[in-house]
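Take a look at the structure set out below.
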Amino acid sequence: MSLEEVLTSIRRAETRYGREPGSVDLVAVSKVQPLDRIEKALAAGHRRFGENRVQEAAGKWPDLRSRFPEVMLHLVGPLQTNKVKQAVELFDAIETIDREKLAEKISQELENSGRSIELYVQVNTGEEEQKAGVSPAEAGELVKFCRYDKNLPIVGLMAIPPANEPPAPHFALLRKLAEESGLEKLSMGMSGDYEEAISLGATSVRVGSAVFGARVSPDPR
Ligand SMILES: *Cc1c(COP(=O)(O)O)cnc(C)c1O
């Protein structure tokens, strides 16, 4: 696969599943990819990227962004409260709010910096011990806390389904939870299942290896 092929199959899936043309964004997940592959995607005109670690993103994106100011950078990995300040400076979207303490800290830093970024709540739809995300039962409460107690404009929900299960029920659950909270955006679907995610309402898909090729070093996730 390649960037162009992934974009083409996203557009095809939109048509096939009755989604509005252009309604699904591609977040090209560039974690641990060599710089030349990222440069290639930028040269091809792609501007929306995802990283799962603040430190790694801080190492490569400020320089790339100085050359491509329209880049939109999404944080798709877990965020520690002591990295929030840096994350708010670096990212245009944070997809991984999963607890009140983190929401509180993000709210403070947004106020201090005057920045406005896109915010998602991450839901652990498979209720996996080792995985980040709020439990499905608590998602609605966390969204309310963000909105009404912390004045954070949450736009949607994000999930990473369990690796060893069919993803469709998890996509469907995320969609139901978003509807219950009146949220428009759904970040779901990766290299292996993004077309299925589009069929179930994804508004953005996070695709890494299908865009850039296999990751060179082991995934630290
Ligand atoms: C790495 C990663 C992706 C992309 O994974 P691929 O299988 O390479 O497409 C998507 N979402 C998150 C949160 C990731 O960490």
Side-chain angles (χ1 to χ4, degrees), residues 1-10 13 24-35 37-38 40-41 46 48-61 72-80 83 87 90-99 102 117-134 139 155-168 170-171 173-175 178 185-221:
M1 293 287 274
S2 68
L3 173 65
E4 204 174 317
E5 286 171 307
V6 171
L7 285 170
T8 302
S9 57
I10 289 173
V24 180
D25 284 328
L26 170 62
V27 177
V29 180
S30 49
K31 65 185 180 200
V32 308
Q33 294 288 354
L35 216 48
R37 294 184 185 173
I38 302 174
K40 212 171 135 205
H46 196 70
R48 194 178 293 275
F49 294 85
E51 290 283 343
N52 71 337
R53 297 178 148 218
V54 177
Q55 223 49 51
E56 187 187 335
K60 57 187 170 191
W61 281 102
M72 299 292 287
L73 200 56
H74 290 230
L75 178 64
V76 300
L79 179 56
Q80 294 165 295
K83 298 240 171 74
L90 195 57
F91 290 94
D92 305 285
I94 294 177
E95 301 200 8
T96 50
I97 298 177
D98 63 356
R99 57 198 189 278
L102 180 58
I117 63 186
E118 242 189 16
L119 300 170
Y120 290 74
V121 164
Q122 180 179 356
V123 184
N124 186 359
T125 57
E127 306 196 57
E128 294 172 281
E129 195 81 17
Q130 80 289 1
K131 198 166 273 174
V134 64
V155 298
L157 300 181
M158 176 272 217
I160 311 167
N164 53 355
E165 286 179 31
H170 296 275
F171 296 154
L173 173 58
L174 197 69
R175 179 183 189 159
K185 298 218 174 188
L186 286 171
S187 170
M188 56 190 199
M190 315 199 332
S191 289
D193 53 24
Y194 65 91
E195 290 169 271
E196 199 167 6
I198 292 170
S199 80
L200 289 162
T203 58
S204 79
V205 294
R206 307 178 310 269
V207 183
S209 38
V211 167
F212 295 107
R215 282 183 281 281
V216 174
S217 51
D219 182 353
R221 168 157 50 112

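Counting starts at 1 for both ligands and their atoms, in listed order. All values reported here derive from a predicted model rather than from experimental measurement.
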Under a 4.0 Å N-O cut-off, is there an ion pair linking Glu128 with Lys131?
yes

Value rounded to 0.5 Å, distance of CG in Leu79 from CG in Leu102
5.0 Å

Within the 4.0 Å heavy-atom shell around Val207, which atoms of ligand 1 are there?
9 (O)

Give the atom numbers and elements of ligand 1 that come within less than 4.0 Å of a heavy atom of Ile160.
13 (C)

With no hydrogens and no angle check, is any side-chain donor or acceptor of Asp98 less than 3.5 Å from a backbone partner on Val134?
no

Donor-acceptor check, side chain of Glu56 to backbone of Val32, threshold 3.5 angstrom: yes or no?
yes

Proximal ligand 1 atoms for Ser209, defined as those under 4.0 Å from one of its heavy atoms
6 (P), 7 (O), 8 (O), 9 (O)

Tell me whether Gly208 has any N or O atom under 3.5 angstrom from an N or O of ligand 1.
yes

When you measure from the side chain of Gln122 to the backbone N and O of Val76, does any donor-acceptor pair fall under 3.5 Å?
no

Using a strict cut-off of 4.0 Å, indicate which atoms of ligand 1 neighbour a heavy atom of Ser191.
6 (P), 7 (O), 8 (O), 9 (O)

Can you tell me if Arg215 has a non-hydrogen atom under 4.0 Å from ligand 1?
yes

Atom indices of ligand 1, in the order listed, that fall short of 4.0 Å to a heavy atom of Val76:
12 (C), 13 (C)

Just which atoms of ligand 1 are under 4.0 Å from any heavy atom in Arg206?
4 (C), 9 (O), 10 (C), 11 (N), 12 (C), 13 (C)

